[in-house]
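Have a look at the structure below before the remarks.
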Amino acid sequence: MSKTTWKDIPVVPTSQEFLDIVLSRTQRRLPTQIRAGFKISRIRAFYTRKVKYTAETFTERISATINGFPRLQDIHPFHRDLLNTLYDADHFRIALGQLNTAKSLIEAVSRDYVRLIKYGQSLFQCKQLKRAALGRMATICKRLKDPLVYLEQVRQHLGRLPAIDPNTRTLVICGYPNVGKSSFLKSISRADVDVQPYAFTTKSLFVGHFDYKMLRFQAIDTPGILDHPLEEMNTIEHQSICAIAHLRAAIMYFMDLSEQCGYSVSAQINLFNSIKPLFANKLVFIVINKIDLTRPEDLDPETQEKLNGILKTGEVELLQLSCTTTEGVMNVRNSACDRLLAARNAEKLKAGTNSSGEPTGRLGDLLRRIHVAQPMGGVTRETSIPEAALNKKKYDRNDPDRPKLERDIEEEEGGAGVYNFNMRKNYILENDEWKEDRIPEVFDGKNVYDFIDPDIEAKLAALEEEEEKLEAEGFYESDSDVEDAEEAEIRYKAELIREKRQLIRNEAKMRKSLKNRAQIPRSAKAQKLSKMESHLESLGYDTTKVADRARSQSRGRSILRERSDGLGGGDAMEIDTPKANLERAKSRGREPSTNRRTDGVQSEVTRSNAERLAKLSQKKMNRMARQGEADRHQTGSLIKHLVAGKRGMGKTQRR
Ligand SMILES: Nc1nc2c(ncn2[C@@H]2O[C@H](COP(=O)(O)OP(=O)(O)OP(=O)(O)O)[C@@H](O)[C@H]2O)c(=O)[nH]1
Ligand SMILES: [Mg+2]
């Protein structure tokens with residue numbers, strides 16, 4: 001369905017406004033906090049999002065603009081031609097095409113720069129890439145300046161066009177300028193058209209509505225046309241031609257025989273003849289206006305002859321009126337409407353039938369395929385009742401010879417609850433004897449039993465016997481034993497590997513969990529160390545290195561680095577590992593530490609389990625509470641001039 005008005009096309013912004021809209025939206029909708037200290041992946045994501053979002057907004061906006069306008073190929077030919085006349089279809093198409101090209105260009109820019117930002121190495125690089133991308137998009141947008149301005153003009157003009165429905169009952173009023181077309185429209189409808197005593201008062205199409213016979217009609221007032229070739233006509237005249245050519249309407253060709261309009265009668269007749277091809281298959285009326293001044297009878301014989309010449313064809317009807325005295329106005333309107341209604345109805349009836357009146361097209365096809373009740377043309381058909389139905393005895397309860405009903409049989413056989421209805425008795429089978437068979441379903445005189453092998457049991461027994469024999473002979477035993485051995489070995493080794501891996505994993509886990517132990521205060525450590533030293537000395541070890549190592553560790557150096565020292569022995573290695581400490585502390589019957597994590601936990605396993613659970617339960621909370629990019633608040637970034645530079649005595653007390 002084509003629209004008749006285009007009042008709801010969204011406003012087309014200028015290229016500068018377009019840019020402002022898009023950029024400010026990007027600024028408003030996306031997070032703005034980014035710092036060089038962030039992870040590079042986060043920085044990249046931040047700028048990628050900016051570029052993508054800007055491009056998306058651009059394309060969205062451009063598409064909305066393009067889709068707001070009517071597509072020339074989808075609208076009624078009348079509107080298409082009118083738009084072509086008013087705005088130049090090529091220009092219109094090019095403008096929309098430029099918008100479309102800009103859209104794909106912006107998409108391409110976004111794609112390219114997103115790809116580049118993926119490899120950005122720093123905040124600065126990523127930012128520069130984003131700037132470049134947005135800059136290129138802005139340049140593309142700025143180039144749309146002219147098409148956008150043009151489209152906005154078109155939009156404003158389109159919104160003011162009269163709402164002409166090309167399919168409804170229409171009267172088109174046309175003719176030379178100044179012959180009284182607008183005066184007629186004004187007298188039959190409430191349209192507010194300008195009536196002036198000079199030519200080309202009306203410069204565009206005007207529409208007025210009126211009711212006749214409870215039906216709504218639209219009358220279209222067109223600008224006046226002069227008699228010259230189509231190519232020489234201007235935009236104003238073209239609009240009239242467009243309405244005359246494309247609207248399925250009654251054409252009312254207005255004439256002014258008084259020549260008060262400034263054009264001779266013969267010129268008016270010539271114009272009629274030259275635009276006649278446009279009236280093909282349409283109702284045409286010649287309406288003589290201003291009969292208060294001149295009537296056709298008053299004309300000189302030569303002109304009268306000419307006028308009769310165009311009326312002779314029979315398809316054209318002559319009507320007369322005067323807008324000033326309103327004589328004949330309603331008459332003209334009514335007769336035109338009557339003829340139009342009749343013509344439209346005839347057309348509707350004729351639609352879809354061929355020359356001999358039979359339906360064509362889809363309706364015809366349908367009617368040929370399905371049966372539709374049709375009058376017989378005087379032939380009456382006898383009702384036909386089959387013989388069997390006629391001979392059938394009427395059921396009578398009191399008649400002893402009446403046919404037996406199932407109910408009667410039930411009664412005879414012992415009544416309800418005792419009698420069991422025989423379902424098989426009404427089976428329709430080839431042979432009535434089969435009715436009582438256990439499996440009476442018969443196919444070609446056979447049922448399932450006919451396909452059962454009676455020796456099936458014996459055959460199965462023979463097969464089983466053979467199988468047993470083969471097994472006993474060792475038929476199934478092959479050299480797969482060797483492979484089995486190999487496989488078993490592999491499996492065994494795999495098992496070992498898995499075990500080892502699990503061990504390594506466990507150990508790592510343990511190490512990790514032990515890291516969270518409370519730190520032993522230095523003083524305590526020193527005490528311990530001195531105790532240990534004395535203990536080791538009693539065992540005959542050199543303790544100086546041990547002490548050094550322990551100290552270095554307490555300053556945060558790794559144990560591994562020190563492994564190359566002279567203390568390679570297993571016992572000595574264990575000396576300062578936390579695990580060893582734990583063991584020793586236990587063996588002395590003292591609490592190892594006052595770590596609250598370990599309180600009340602029996603074994604390492606339960607402890608690690610408990611820790612894992614605690615972490616898990618915290619995870620969601622952490623996630624929900626973590627500050628993200630979208631959080632708009634000033635964190636550590638203070639305004640530079642307030643925190644940096646010299647702030648000597650009295651420098652901040654400027655006020
Ligand atoms: N005497 C007389 N004058 C009329 C009649 N109808 C219209 N006029 C006058 O003719 C002049 C032109 O009338 P319009 O209705 O503006 O004519 P138009 O055909 O719309 O002219 P354009 O819009 O310029 O094409 C006006 O001065 C009207 O007063 C009529 O029936 N009798
Ligand atoms: Mg007019």
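Whatever order the structure lists ligands and atoms in, that order sets their numbers, starting from 1.
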Salt bridge or not for [X] and [Y], using N-O below 4.0 Å?
X	Y	answer
E60	R25	yes
K181	D221	no
E347	R344	no
K213	D338	yes

What atoms of ligand 1 come within less than 4.0 Å of a heavy atom belonging to [X]?
X	answer
Y198	24 (O)
S322	31 (O)
G224	25 (O)
A199	24 (O)

Checking the side chain of S335 only, and the main-chain atoms of V332 only, is there a donor and an acceptor separated by less than 3.5 Å? yes

Side-chain donor or acceptor of K290 paired with backbone N/O of M255 under 3.5 Å: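 No, because the side chain of K290 does not come within donor-acceptor range (under 3.5 Å) of the backbone of M255.
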
Answer with side chain, backbone, both or neither: which part of [X] has a heavy atom less than 4.0 angstrom from an atom of ligand 1?
X	value
K186	neither
L293	side chain
D221	neither
D292	side chain

Check whether any side-chain heavy atom of T14 sits under 4.5 Å from a side-chain heavy atom of E152, and report yes or no. no

Taking side chain as C-beta onward, heavy atoms only, is F254 less than 4.5 Å from F184? yes

May I ask you to check if ligand 1 and V179 share an N or O to N or O distance below 3.5 Å?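 By distance alone, the answer is yes.
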
Judging by distance only, is a nitrogen or oxygen of C323 under 3.5 angstrom from one on ligand 1?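 Among all N and O atoms of C323, at least one is under 3.5 Å from an N or O of ligand 1.
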
The Mg ion (ligand 2) to T202: any N/O/S contact under 2.8 Å? yes

Report yes or no: does Q196 have an N/O/S atom closer than 2.8 Å to the Mg ion (ligand 2)? no

Give me the residue, atom name and distance of the protein heavy atom closest to [atom].
atom	answer
atom 15 (O) of ligand 1	S183 OG, 2.6 Å
atom 20 (O) of ligand 1	S182 OG, 2.7 Å
atom 23 (O) of ligand 1	T202 OG1, 2.8 Å
atom 29 (O) of ligand 1	V195 CG1, 4.2 Å
atom 11 (C) of ligand 1	N178 OD1, 3.5 Å
atom 8 (N) of ligand 1	K290 CE, 3.7 Å
atom 30 (C) of ligand 1	T324 OG1, 2.7 Å
atom 17 (O) of ligand 1	G180 N, 3.1 Å

I'd like to know whether the aromatic ring centres of H91 and Y150 sit less than 6.0 Å apart in this structure.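 Between H91 and Y150, the centre distance is under 6.0 Å.
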
Distance flag, aromatic centroids of H157 and W6, threshold under 6.0 Å: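 They do not qualify: ring centres at least 6.0 Å apart.
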
To the nearest 0.5 Å, what is the distance between CG (L161) and OG (S204)?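 The OG atom of S204 is 8.0 Å from CG of L161, to the nearest 0.5 Å.
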
Return the orientation label for the Y176 and Y263 ring planes: parallel under 30°, perpendicular over 60°, tilted otherwise.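 Rings of Y176 and Y263: tilted, 30 to 60°.
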
